[in-house]
Amino acid sequence: MELSPVCNEGISTDGCIIKADRSHMKGKLSRDVEMAIEFLYKAVPQLAKVFRIVDKIGEGTFSSVYLGEAQMRDGRKEMFALKHLIPTSHPTRIAAELQCLTVAGGRDNVMGVTYCFRKEDHVVIVMPYMEHQAIVDIIGLLSFEEARLYIYHLLKALKHIHQFGIIHRDIKPNNFLYNRNSKMFALVDFGLAQGTADTQIELLKVVKQRSSQRGGGSTGKQQAAHRSKAPSKLPHKITTTASTPLSPPPGRSVPLPPSSSSTTTFFSASRKALVKKTRSVTTTNITTTTTSSSRTKHTKDLAALRKVFAERNLNSCTPADSTTKQAAVKTELVVPSKPEDPAARCPPPVKTQSSSQKPQWTVQQDLTCNCYMTDRVCNVCMSRKQQVAPRGGTPGFRAPEVLTKCPDQGTAIDVWSAGVILLSLLSGRYPFFKASDDLIALTQIMTIRGSRETIQAAKSFGKAVVCSRELPRQDLRTLCETLRGRRPSPDDEVTPVPEATTRHLKIQDDTPTHRPIEGTFKQHNDGAGETLSSHLASRQKQSGKKETANCLAEQSSVTDGKVEEDERGWDSVPDEAYDLLDKLLDLNPHSRITAAEALQHPLFKDL
Ligand SMILES: Nc1ncnc2c1ncn2[C@@H]1O[C@H](COP(=O)(O)OP(=O)(O)OP(=O)(O)O)[C@@H](O)[C@H]1O
């Protein structure tokens, strides 16, 4: 079975059908959406020959996502998600997103890719459409069992991409689509994805593993069964070339694009950089059927992935650091860097002898600083260069090592984000962390996980954190049950927070080579900069005990002044759930549980 472009079904190829359909749509869509669709048709005319774009279904920072209908050769209509990347997207970024989708997509709860269109600087990635519900709309309706399944499937997707050495970097519920009815899940949006330092090694392992599995004689039936478990009906084979943009999987219809024109092609060669980066992507074959050339193709994947990701890794020291090193030679005492310390990769600063009690740090020639590990930042430090580290991601889901600008980041950052999602699910609060900047985000994390613990963990990845006040670690069960309204007064249980306390936070390299990050913020009850516990305390004070998670309150009925809630399993959350949460939210990325380990956790023993 094949899917035909609209033109093959006897419909005019000049776009008339689309025009007719669009006029039919008028009145149903907002003017803005209509205009956006018109714009997309004009930007990539080829789309109109295959798809009828019926709606806009998502808008993010880097793209707009549309719902497109394509007619299959057998007469069926199938829906696709068309992701139109903002034209300013860097070709490397586009290549990386496609690379992740083609290499890792289509199985284990990871969205696959069907087509990619490009005209000039407009790129549209076509994916199978998966109907889903926004977590914000359903969080109050979920049972504990559903929450458990959700996190299990998210971890499954993470395990899958991490074995390819892919760090997603933007794990959040909006990027993990969930269909409640069909219990299907799909991880989307690899727009910020990066490779781990050993991306190629990981990929190679997977290639070997796959080859040996094939060698082990897995039957066509087994393969089919495996494919049928895929989260959505995703194509398992993608072969795109200029003349044959897509090979349909057995038993599946896929749209055939119109023949390439001089103006619009699948990765036509008008923009060298993009083509260079994406050519390997367009020839990627991730079919599960064995071919003699599959190993070669995977090796190509590997090389392409390495090439794409290599340019995005920022793990090396900048040349400016060598200046620092030269300056350091002139000083009296060189502080040895711990070998396991990521900061050790950068040339160490030097400690000079001083008459004062406090150690002094010389980083640049003739510049001495004595603010290290104090709660202030001196002018010498202000003049240092900014630390360069990947920061991509969504506020509220960033791991401590991201917030503290640790240059050495790995797949553990996705696991942290999964932990934040589990925290939301268990507490019924979404979003859980809401911070206007990274320092406030870190303080909110400290409020839950403890300041001493945060400082300790930061040390392990080469960062010194100075906090003007100690925040005790919260018990996760008490916190979540309090937020769900299952425990009485949080004022008794959650650490009471004095009104309008001024806090000071400073983060710098354990051996100060970069400008420290610092901030003073007021912890009060009504504005930006408030911490979570003060927020909770104030909400509870304002509304009394019945004011718990907003959405939960909607699900409750009040009888004789008592809140009666449909329990949905929330009255008997096992300790394992909080144990896993604790492990996912391990402040130290080196000891944080991996996605693969988390799937073996006792919480999932029956899955
Ligand atoms: N295959 C798909 N099927 C259904 N909906 C999808 C699909 N892909 C994306 N969407 C919808 O479009 C939204 C935005 O997609 P995506 O996250 O890929 O874009 P983005 O521009 O990177 O967004 P953001 O900046 O918010 O991360 C998703 O949250 C989802 O609602």
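Residues: numbered from 1 along the sequence shown. These numbers come from the heavy atoms of this one structure, side chains and all, not from hydrogens, waters or symmetry mates. Counting convention: from 1, in listed order, for ligands and their atoms alike. Just so you know, these numbers come straight off a predicted model, no measurement behind them.
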Among protein heavy atoms, which lies nearest [atom], and at what distance?
atom: atom 6 (C) of ligand 1; result: L177 CD1, 3.8 Å
atom: atom 8 (N) of ligand 1; result: M127 CE, 3.7 Å
atom: atom 16 (P) of ligand 1; result: K83 NZ, 3.6 Å
atom: atom 2 (C) of ligand 1; result: A81 CB, 3.4 Å
atom: atom 27 (O) of ligand 1; result: D189 OD2, 2.6 Å
atom: atom 14 (C) of ligand 1; result: V65 CG2, 3.7 Å
atom: atom 20 (P) of ligand 1; result: S63 OG, 3.3 Å
atom: atom 25 (O) of ligand 1; result: T61 N, 2.8 Å

Value rounded to 0.5 Å, distance of NE2 in H132 from CG in D137:
10.0 Å

Separation between CG (L40) and CG (L82), nearest 0.5 Å, reads 7.0 Å

Heavy-atom contacts with [X] under 4.0 Å: which atoms of ligand 1 show up? List them by number with element.
X: H132; result: 4 (C), 5 (N), 30 (C), 31 (O)
X: I57; result: 5 (N)
X: G60; result: 20 (P), 21 (O), 23 (O), 24 (P), 25 (O), 26 (O)
X: N174; result: 28 (C), 29 (O)
X: Y129; result: 3 (N), 4 (C)
X: D170; result: 27 (O)

Would you say K159 has more than 12 foreign heavy atoms packed within less than 6.0 Å of its NZ?
no

More than 12 heavy atoms from other groups under 6.0 Å of CD on E131
no

Is the shortest side-chain N to carboxylate O distance from D189 to K83 below 4.0 Å?
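Yes.
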
Do K463 and E401 meet the salt-bridge criterion of a basic N to acidic O distance under 4.0 Å?
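Salt bridge: no.
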
So which of E97, M130, Q133, H84 gets nearest to atom 4 (C) of ligand 1, if we judge by its closest heavy atom?
M130

Quick check on the 6.0 Å ring-centre criterion: do H84 and F117 meet it?
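No, ring centres 6.0 Å or more apart.
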
Between F185 and Y178, does the ring centroid distance fall short of 6.0 Å?
yes

Tell me whether ligand 1 is touched by P128 - counting only heavy atoms on the residue side and a distance under 4.0 Å.
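Flag set, P128 near ligand 1.
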
Please determine whether any non-hydrogen atom of E131 lies less than 4.0 Å from an atom of ligand 1.
no

Given that the side chain starts at C-beta and the backbone is N, CA, C, O, which of these parts of T394 lies under 4.0 Å from ligand 1, counting heavy atoms, or is it both or neither?
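The answer is neither; T394 stays 4.0 Å or more away.
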
Can you check whether A412's main-chain N or O pairs, donor with acceptor, with R592's side chain at less than 3.5 Å?
yes

Taking C-beta and beyond as the side chain, do N175 and T394 meet within less than 4.5 Å on heavy atoms?
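With C-beta onward as the side chain, the pair stays apart.
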
Check each of F176, F397, F190, W416 against H168 using the ring pair (Phe, Tyr, Trp, His ring centres under 6.0 Å) test, and report the only one that passes.
F190

